[in-house]
Amino acid sequence: MNSFWLLIAIPLASAAILLLLGRWADRWGHWLGVLSVGVAFGLAVSYFVQLRGLPADDRSAEIDLFPFLHVGSLQVDFGLLFDPLSAVFVLLITGVGFLIHVYAVGYMAHDPKRRTFFAYFNLFVAAMLLLVLGNNYVMLYFGWEGVGLASYLLISFWYTRNSAATAGKKAFLMNRVGDAGLAIAIFIMFATLGTVDYSGVAEGVARLSSGVTLAIGLLLLIGACGKSGQFPLQAWLPDAMEGPTPVSALIHAATMVTAGVYLIARSNPIFNANPTAQAFVVAIGAITLVMGAIIGCAKDDIKRVLAWSTVSQIGYMFLGVGLGGGAYALALIHLLAHGFFKAGLFLGAGSVMHGMRDQVDIRRFGGLWKYMKITWATFGLAWLAIIGLPPLSGYYSKEPIIAAAFDRPGWTGWLYGGAALLGAALTAFYMTRLFVLTFHGPKRWTEEIEHPHESPPIMTVPLILLAFGSVGAGYLLSTSVPDWLTPVFEGAHEGEGAHHLSHAAVTWLSIVVTVLGALLAWALFRRGTALVEQPAGALVRAARRNLYGDAFNETVFEKPGLYLTRALVYFDNKGLDGLVNGLAALVGGGSSRLGRTQTGFVRSYALSMLGGALLVAVAFLVVRLG
Amino acid sequence: MTTAVDVLAQELQIRLPALDYLAMGPMLVLFGGACLGVLVEAFATRRSRPFLQFWLSLIALVAALVTVVRAANNSPQAFTADTAIAVDGPALFLQGTVIVLGMVALLLMGERRIDKGGPFVARASVPVGGEADRRQARESGSTEVFPLTLFALGGMTLFVAANDLLTMFVALEVFSLPLYLLCALARRRRLISQEAALKYFLLGAFASAFFVFGTALLYGFAGTLRLGGIHTAALGSTANPLLLFGGIALIAVALLFKVAAVPFHVWTPDVYQGAPTPVTAFMAACTKAAAIGALLRVLYVALDRVRWDIEPVIGAVAILTMLVGAVLAVTQTDIKRLLAYSSIANAGYLLVGALAFSREGVSSSLFYLAAYGFTVVAAFAVVALVRDEDGEATHLRRWAGLGRRSPVVAGLFTFLLLAFAGIPLTSGFTSKFAVFSAALGTSGQWQVAMVIAGVVTSMVLAFPYLRVVVMMWLSEPVENGPMVANAGTLTWTALWVGAFATLVLGVYPAPVLDLAHKAAEFLQ
C-alpha cells in the first residue's frame with residue numbers, strides 16, 4: 001500500500017514520454033496514454049480494497065517521499081495521504097478518466113496533435129491525483145496549479161481558433177484570482193499554526209481565534225470558487241467548452257471542477273470551527289445553483305447548456321459541504337454520481353457532434369434518436385439521472401441535499417431549501433429541453449448533413465459503461481459512502497436540525513417539481529423551436545447574457561484595470577524613466593568629470609596621494625579631538 | 001675593564017630566536033623555489049628554461065600549499081621567530097588563498113601559444129622601437145618572471161603572517177619589488193608597460209615611505225613594534241596620543257595604497273592597463289588578498305581598542321572608494337581599465353567587511369578575497385584570449401558581437417561579469433552578501449552607511465558590466481573584429497577553474513564559508 005505514489009508517477013511518466021519522444025510516439029502514443037490511466041485505475045482499485053481491509057479507525061496510509069521545502073521553520077515534505085476521502089476521489093479520477101481516455105482515442109482520431117493531447121491529458125490525471133493525494137496544503141496547491149496548467153493547455157488546445165485561445169486565457173486569469181486566495185490561506189495557516197499539514201491544521205485549529213478561522217475559511221472559499229466555477233468566479237467555465245469534448249467531460253465536468261468541493265471537504269476542521277464561514281459556503285452554493293440553472297435554460301449551444309448545468313450542480317455540492325455535519329457525505333455522493341452522469345452527458349454530446357459535423361446548436365438538431373440509438377439511450381439515462389428522477393442516481397444524491405437544506409434552522413432553512421427546490425425544477429426544465437430538442441421533434445439540420453451516423457464502438461462502449469453508473473451509482477453510493485467517510489468527517493458536529501418539512505414531504509415535493517419542470521419543457525419543445533434567437537423578456541435576455549456576469553467583470557474589473565495600466569505606463573514613461581535617465585546622466589557626467597583627475601602624470605598622482613594622506617591624518621585628529 | 005668588555009660582548013651576542021620551520025614552511029618553500037629559479041635562469045639552456053621554470057614554479061607552489069595544509073592541521077596557533085611571525089587562522093587561510101590564486105595566475109603566465117613565445121618580452125633592457133627591438137620580438141619570452149612571481153608570492157605569504165611592523169615592512173618590499181619589475185615585461189605595447197612599471201614603482205616607494213614613517217611614530221608611542229604591544233599601549237601608554245594617531249594614519253595610507261582605496265588608487269588603472277595581462281590578473285587577485293590580510297591584522301590585533309576612532313576615517317575611505325570606483329567604471333572604454341575600477345570598488349566592499357570588527361567581518365573578508373580572486377583571474381584570462389593582429393583587443397568597441405563568433409568565451413565572460421555585478425548563483429552574490437551582513441551585524445552607524453553605499457554602488461556598477469554583456473551579444477559584430485585566440489590548455493584551464501570556482505562558491509558556498517569562519521581568529 002505504501003507504493004501508492006505510483007498512482008501519480010505512472011501517468012506523469014507517460015506524459016513525459018509522450019512529450020519528450022515527440023513525433024516518434026505519434027503512432028502509438030495515445031495507447032500509452034490510455035494504458036497508463038488504466039494501470040493507475042487497476043492500482044487504485046487494489047489500494048482501495050486494501051484500505052477496506054483495514055479496521056475503520058486506521059484506514060489511512062501516509063508516506064513522506066522526500067523533503068520538499070525546508071526553509072527556516074517552514075518544513076514541508078513531499079508527503080502523500082491515502083485515506084477514505086482521497087480513495088473515492090482516486091477511484092473517480094482514474095475510473096472515469098480511463099473511460100474518457102478510451103473515448104478520446106476515437107474522438108481525436110483525426111487530429112494531427114493527438115499525441116500531444118494525450119500527453120496533456122495524462123499530465124492532468126497526474127496533477128489531479130497529486131491534488132487529492134497530498135497530505136498537506138502545499139502538495140494540494142502543487143496539484144492545484146498542475147491541473148490549472150493542464151486545463152489551460154487543453155482549453156486552448158486548438159489555439160489557432162481565436163475563441164479557444166481567449167477562453168484559455170480567461171480560464172487561466174480567473175483561476176489566478178482563486179489561486180491567490182488559496183495561497184494566502186496557506187500563508188496564514190503557516191503564520192498562525194506553523195504547519196500546513198492536514199493533521200497539524202486539524203489539531204491546531206482549536207487554538208485559532210474566530211477571526212483567523214473566518215479569514216482562512218473565506219480565502220479557501222475564494223480558491224474553491226475559482227477552480228469550481230462558482231459565483232462570482234463562474235464566467236470562465238462555460239467558455240472552457242472551447243476545448244475538445246473529452247476535456248470538457250473529464251476536466252470541466254467530472255473531476256477538476258470538483259476540486260473546490262474537495263478542498264472544502266478536506267478543510268472541514270476549519271469550516272466546522274466557524275459557522276460564519278460555513279454560511280458563506282452555503283450562500284455561494286445556493287446563489288450559483290439557481291444562477292447556473294437560469295442561464296442553462298436560455299442557452300442554445302449543447303456544450304454550454306451542459307457547462308452551466310455543471311456550474312449549477314457544483315452549486316448543490318457547495319450547498320452540501322457548507323451545511324456541514326452529515327451533509328459533507330451527501331455532497332460527496334452527489335459529486336461522485338455527478339461525475340458519472342455528467343461525463344456521460346458530455347461524451348454523448350461529443351458523440352452527437354461527431355455525427356453532426358461538429359454542430360453544437362441544439363436548434364439545428366432534432367429527431368436524432370433514430371440515427372444514433374446508443375447515444376440516445378445513454379444520454380437519456382444520464383438525463384433522467386441529472387434531473388433526479390427515482391430510481392436513477394441523481395435522485396439518491398440530490399434529494400438528500402435538498403432535504404438537508406430544509407433542515408437548516410430558522411428562515412435560512414426555508415430560503416436555501418426553496419432555492420434548492422427551484423434549482424431542481426429548473427434543472428428538469430432545461431435538461432428536458434436539451435434532450436427533446438436534440439433527439440426528438442422535427443429535423444432542423446443544416447443542409448449539408450444527410451445521414452448522421454452513430455459513433456464507432458470505441459466511443460460508444462465508454463458511453464454504455466458510464467450509463468451503468470448513471471443508473472446504479474446513486475443508490476450504491478448513498479448506502480455505502482456515509483459510513484466509509486465517517487473517519488474523515490468525525491469532527492463534524494450534527495446541527496440540531498429544524499425539520500421545517502418532514503423528509504417524506506421534501507421527497508414528494510422534489511419529485512413533483514421535477515416532473516412538472518420536465519413536462520413543461522416537453523410540452524413547449526416537442527414540436528421543435530425557432531432556428532434563430534427570438535425576442536424575449538428581460539429575464540431571458542439577462543439569462544442569455546449569462547446574467548450579465550461577463551458585463552459585470554468587464555465594467556468593474558477590466559475597464560478600470562485598463563485605465564490603471566495606461567496611467568501606470570504613462571507614469572512610467574514620463575516620471576520613472578525621467579528619474580532613471582536623469583540619475584544615469586548624473587552618474588555618467590560625474591564619471592567623465594571625475595575621470596579628468598586621472599591625468600596619467602605620476603606627479604599629480606603623487607600629489608593626490610599626499611593630499612589623501614594629509615586628509616586621513618587630519619581626519620584622525622578631528623575624530624580624536626571632536 | 002674586562003668586566004666591561006664582557007658585558008659588551010654579552011650585549012652584542014646575537015641570540016637566535018627559536019624557529020618553527022613547519023609553521024614557516026610556505027615561505028621557506030617559496031623563497032627556496034625562487035632562489036632555485038634564479039639558479040636555473042643562470043645555468044639552464046635558453047631553450048629548456050621556459051619548461052623548467054614553469055614546472056619548478058608550479059611544483060614549488062604545490063609544495064607550499066601542502067605545507068600550508070600541514071601547518072593548518074598541526075599547529076594552527078603559534079608565534080614563531082620570537083613573535084615576528086604569527087601562524088594563525090587568517091594567516092594560513094590567506095596563504096592558502098594566495099598560493100592557489102598564484103597557481104591559476106601562473107597558468108596564464110606560462111601560456112605560450114596565444115602569443116608566440118609567451119606574453120613577456122625577451123629582453124626588457126632593449127630600448128623600444130629600434131632594430132634590436134624588432135629582432136627580439138620574435139624571440140622566446142624571458143623566464144625571469146617565474147622566480148620573480150615566486151618571490152612576490154613568498155613576500156605575500158610573509159606579509160599576511162607578519163606580526164610586527166618591521167617584518168611587515170620587509171615583506172611589503174619583498175613582494176612589491178618583483179611586481180614593479182613584472183609590470184615592465186609586456187611583449188607588446190612595451191612603452192605603456194614600462195610607463196606603468198615606473199609609475200607603480202615611484203608611487204609604491206612613496207607609499208613605503210609612509211609606512212616606515214608611521215612605524216617610527218608608533219614605535220615612539222608604544223615602545224615596541226609588535227602589533228600586540230601596540231594593542232596594549234593603545235589604552236595604557238602615557239605617551240602623546242598624537243604619535244599613535246599620526247602613526248595609524250601613515251600606516252593606513254601605505255596599506256590602503258596597496259589595497260587600491262581612494263584616494264590612493266590613482267596608480268591602479270594605469271598599471272592594470274599597462275602590465276602584461278597575466279601579471280594584472282596576479283596583482284588583482286593576490287596583491288589584493290595580501291594587502292587586505294595585512295590590513296585586517298593591523299586593525300584587529302593592534303588597533304581594535306581604538307576602533308571607534310578608526311571607523312569614521314577608514315569608513316569614509318571605504319565609501320569614497322566604492323563611489324569613485326563605481327562611478328568611474330561607468331565611462332571606461334578599455335576592458336582592462338574597466339576591470340581596474342571594478343577592482344577599486346571591490347576594495348571598498350572588502351573594507352566594509354574589515355570594518356565590521358567582528359569574527360564575521362574577518363571571515364566574510366577572507367571568503368570575499370578567495371571568491372573575488374578566482375573571478376578576476378578568469379576575467380583577465382578572457383581578456384588575454386580576445387585578440388586581433390595587434391595583440392589583445394582591449395577596446396570595448398572591438399568586443400561588439402563577440403557572442404556570435406565565440407559563444408563559449410562570451411558566455412563565460414558574461415557569467416563572470418554577472419558575478420562581478422553580484423547576481424545570485426555566483427560567488428559575487430554570496431561574498432557581497434557575506435560582507436554586508438557582517439557589517440550590519442555590528443549595527444554601528446558607519447557600518448549602515450557603508451552598506452547603503454555598497455548597495456547603491458553595486459547598482460551603479462551593474463551598468464558597465466551589463467553594457468559589456470549587451471555589446472557582446474546584441475551588437476552587430478565589427479569589421480575584422482577580434483578573434484578568440486587559439487589558446488593552449490593552460491589558459492583554458494585557468495579560465496574554467498576560475499569560472500567553476502565562481503559558480504561553486506555561488507551555489508554551494510557553505511564549506512568555504514565554514515572554513516573561513518573557523519580560520520577567522522587572530523592570534524593576539
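Letters go in sequence order (proteins before strands), and every chain restarts at 1.
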Between B/L198, B/L250, B/I314, B/V330, which residue shows the highest count of heavy-atom pairs closer than 4.5 Å to chain A?
B/V330
Give the member of B/P263, B/G246, B/A252, B/A316 that has the highest number of heavy-atom pairs under 4.5 Å with chain A.
B/P263
So for [X], is it side chain, backbone, both, or neither that comes closer than 4.5 Å to the heavy atoms of chain A?
{"X": "B/V460", "result": "side chain"}
{"X": "B/I310", "result": "both"}
{"X": "B/V253", "result": "side chain"}
{"X": "B/F210", "result": "side chain"}
{"X": "B/A254", "result": "neither"}
{"X": "B/L202", "result": "side chain"}

[X]: ring-ring contact (aromatic ring centres under 6.0 Å, His included) partners, not counting sequence neighbours:
{"X": "B/Y508", "answer": "none"}
{"X": "B/F221", "answer": "none"}
{"X": "B/Y219", "answer": "none"}

Is atom CG of A/L562 surrounded by more than 12 heavy atoms (other residues, nucleotides or ligands) closer than 6.0 Å?
yes
Which donor-acceptor pairs sit under 3.5 Å apart between chain B and chain A?
| unit_1 | atom_1 | unit_2 | atom_2 | d |
| --- | --- | --- | --- | --- |
| B/K199 | NZ | A/G600 | O | 2.8 |
| B/P263 | O | A/S608 | OG | 3.2 |
| B/V266 | O | A/Q598 | NE2 | 2.7 |
| B/D270 | OD1 | A/Y605 | OH | 3.4 |
| B/D270 | OD2 | A/Y605 | OH | 2.5 |
| B/D309 | OD2 | A/R624 | NH1 | 3.0 |
| B/V327 | O | A/S591 | OG | 2.6 |
| B/T331 | N | A/S591 | OG | 3.4 |
| B/T331 | OG1 | A/S591 | OG | 2.4 |
| B/Y341 | OH | A/Q598 | OE1 | 3.4 |

